[in-house]
2 protein chains.
Amino acid sequence: MPASDTERDSEYLGRLRDYFADARRIPSLQRIATLMGFASKTAARKLLGRLEQAGFIERTPDDDAWMPARRFFERSLAGTAVRAGAPDMIDGAGGEPFLVDDYLVRTPSRTVMVPVKGDSMIEAGIHDGDIVVVERSKAARSGDIVIAIVDNEFTLKELSMERGRFILKPHNKAYPVIRPKGELELFGVVTGLVRRYQG
Amino acid sequence: MPASDTERDSEYLGRLRDYFADARRIPSLQRIATLMGFASKTAARKLLGRLEQAGFIERTPDDDAWMPARRFFERSLAGTAVRAGAPDMIDGAGGEPFLVDDYLVRTPSRTVMVPVKGDSMIEAGIHDGDIVVVERSKAARSGDIVIAIVDNEFTLKELSMERGRFILKPHNKAYPVIRPKGELELFGVVTGLVRRYQG
DNA sequence: ATGGATGGTGTCCGTATGAACACCAATATA
DNA sequence: TATATTGGTGTTCATACGGACACCATCCAT
C-alpha cells in the first residue's frame with residue numbers, strides 16, 4: 001500500500017506548494033477545492049488526510065490548523081539529473097527554499113545573535129567574526145557552549161564540570177581554563193552558528 | 001511618530017513570533033487575545049493593525065489571512081560594543097535588527113545549501129553535519145573554499161594554486177592534497193556556513 | 001463477475017471567525 | 001487644565017469554516 005503517492009496527488013501537492021510559497025499557509029478547504037478544481041470541500045478534506053498520512057502536512061500543536069511538515073519542503077528529486085556521488089542538497093532549484101532562520105531559531109523571543117570576538121574557541125570550529133545563535137534563560141548542561149559573564153565581561157566557552165564545580169573551558173591551548181570564584185553567571189546557551197566567507 | 005514600537009507591543013510581537021515558530025501561522029484573533037491576555041478580540045485586531053503598520057506582518061496575496069512580513073524575522077544582533085556589567089540589555093530590543101537569511105544568502109536563485117559529510121575540512125572550522133551555503137556559477141579564486149567535482153564525486157576543499165595549476169587542499173592533516181589531472185570542475189563556491197548545536 | 005477500496009460530489013449543521021460599532025480609561029499634548 | 005490619541009472592553013452580526021454523513025463512479029484484485 002503506497003499510502004497516497006498517486007500521480008494526481010503529487011500534482012495537487014505541487015499546487016499546494018505554490019500557494020504556500022505565496023501565502024505561507026495551508027488554505028481553507030474551500031480554497032483548496034477551488035485550487036484543485038474540486039466541486040466539494042470534502043474532496044479537499046480527504047486530500048489533506050492523504051497528505052497527512054504521507055507526511056507532507058500535519059496539525060499545528062494546538063490542533064487548530066494545518067501546517068506543512070518535513071516532506072513538504074523536500075525538494076523534488078525528479079527533473080534534476082543527479083549525478084553519481086552528488087550530495088543530497090537541501091535547497092536546490094525547485095522546492096521550497098531552505099530557511100536558515102527557521103532552522104536555527106526555536107524560540108525567537110529568547111534568541112539573540114552575538115558576534116564572536118577572539119579565537120578562544122577556534123578548536124571547536126568557532127572563529128573570530130562568526131555569529132553565534134544564543135538562547136537565553138535555557139538550562140545549560142555540562143558540555144554546552146555558553147556565553148558566561150565573568151568579571152563583568154561576556155565570554156564564550158564550553159561549560160564543564162570539575163570536582164563538582166562548574167568551569168569554563170576554552171577550546172584553544174593558548175587560553176587558560178576559567179574557574180569562577182562564586183556563582184557562575186550565564187547569559188545564554190549557544191544553539192547555533194553562522195559564518196560568512198569573504199566580503 | 002514611532003509607528004508602534006511600544007514597549008508592550010514588542011512583548012506581544014515576541015509571543016507572536018514564538019507561536020509562529022511552533023505553528024507556522026498567525027493565529028486567529030481569538031487565540032491572539034488568549035495568548036496576550038486580552039479580554040476582547042478587538043484588541044487583538046488592533047494589535048495586528050499596528051504590527052502591519054510597522055511592517056511585521058502583512059495580508060496574504062488573496063487577502064484571506066495574515067502572514068509574517070520581512071521584519072517579522074528580524075533577530076537582534078547584540079551590540080558589538082558589549083558593555084561591561086549590563087547584561088540586562090538585549091532581549092527583544094537592544095541590538096540592531098539582523099536577518100539571518102539575508103546575511104547568508106545574497107543570490108537566492110544561484111544559492112544551494114549542502115550538508116557537510118566528513119571531517120576533511122575540520123581545521124578550517126567546518127565540521128561534519130554543518131551546512132554550507134554554496135553559490136553556484138561564481139568565479140572562484142585561490143583561497144576560496146569550494147565544492148569541486150573530482151572523479152564524479154563532490155568534495156569540499158580549499159582551492160589553491162601550485163606551479164600554475166589548481167589544486168584542492170583539505171584542512172585535515174590526515175587527508176592528501178588533490179591534484180586534478182585535467183580540467184578541474186567546480187560545483188560552486190562556499191560563501192557561508194550554518195551549524196546547529198544539540199538536538 | 002463481483003465486491004471492496006478509493007477519489008470525488010452534495011448537503012446539513014454547529015461554531016469559530018473577522019468586521020463593525022459604541023464605549024472607556026489612561027496617556028500625551030497643547 | 002482641557003482635549004485628542006490610543007490601547008483595550010463588550011456586543012452584535014453575517015459568513016466562512018470544518019466535521020459528519022449519505023451517496024456515486026471508477027479502478028483493481030480476487
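Only heavy atoms go into these numbers, but all of them, side chains included; no hydrogens, no water, no symmetry mates.
- Between the CG atom of A:L51 and the C1' atom of C:dT6 there is a distance of 15 Å, rounded to whole Å.
- Relative to the side chain of B:K41, the nucleotides C:dT9, D:dT9, C:dT17 differ in distance, and C:dT17 lies closest.
- With salt bridges taken as basic N to acidic carboxylate O contacts below 4.0 Å, one links B:E162 and B:R179.
- Nearest nucleotide to the side chain of B:R45, out of D:dG19, D:dG10, C:dA19: C:dA19.
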Check against side chain to side chain contact (heavy atoms under 4.5 Å, CB included), A:R25 and A:Y19: CA-CA 8 Å; A:R25 69 183 187 115; A:Y19 183 95; 2.9 Å; yes
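- Screening residues 139-151 of chain B for side chain to side chain donor-acceptor pair (under 3.5 Å), with sequence neighbours left out, gives no hits.
- Atom C1' of nucleotide D:dG7 and atom CD of B:Q53 are separated by 15 Å, given to the nearest angstrom.
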B:Y12/B:F38 under ring pair (Phe, Tyr, Trp, His ring centres under 6.0 Å): CA gap, chis, key distance, verdict: CA-CA 11 Å; B:Y12 294 152; B:F38 296 153; 5.1 Å; yes
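- Checking C:dG8, D:dT9, D:dC21 against the side-chain heavy atoms of A:T42 singles out D:dC21 as nearest.
- C:dT17 atom C1' lies 11 Å from atom CG of A:D64, rounded to whole Å.
- Residue B:R50 contributes atom CZ, which lies 16 Å from atom P of D:dT5 at whole-angstrom precision.
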CA sep, side-chain torsions, deciding dist, call: A:K138, A:T107, side chain to side chain contact (heavy atoms under 4.5 Å, CB included): CA-CA 10 Å; A:K138 178 180 166 69; A:T107 48; over 6 Å; no
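- Residue B:S28 places at least one side-chain N or O under 4.0 Å from the OP1 or OP2 atom of C:dT17.
- Nearest to the side-chain atoms of A:F38 among the listed nucleotides C:dG18, C:dG8, D:dG8 stands C:dG8.
- Rounding to whole angstrom units, NZ of residue B:K46 and C1' of C:dC23 are separated by 10 Å.
- For B:R59, taking side-chain heavy atoms from C-beta onward, the closest of the listed nucleotides C:dT17, D:dT9, C:dA19 is C:dA19.
- C:dT6 atom P lies 19 Å from atom CD of A:E7, rounded to whole Å.
- For the pair B:L29 CG and C:dA19 C1', the computed distance is 9 Å after rounding to whole Å.
- Taking the six-membered ring where tryptophan is involved, the planes of B:F72 and B:F20 are perpendicular, since the angle between them exceeds 60° and thus also 30°.
- Mapping B:S40 and A:Q30 onto DNA chain D by nearest heavy atom places B:S40 at the nucleotide closer to the 5' end.
- Contact check, A:R8 against C:dG7: no side-chain N or O comes under 4.0 Å of OP1 or OP2.
- Secondary-structure stems of DNA chain D, taken as three or more successive Watson-Crick or G-U wobble pairs (i with j, i+1 with j-1) under a 3.5 Å distance threshold, comprise C:1-30 with D:1-30.
- Between B:L51 and B:L16, the closest side-chain pair of non-hydrogen atoms falls below 4.5 Å.
- Atom C1' of nucleotide D:dG18 and atom CZ of A:R31 are separated by 16 Å, given to the nearest angstrom.
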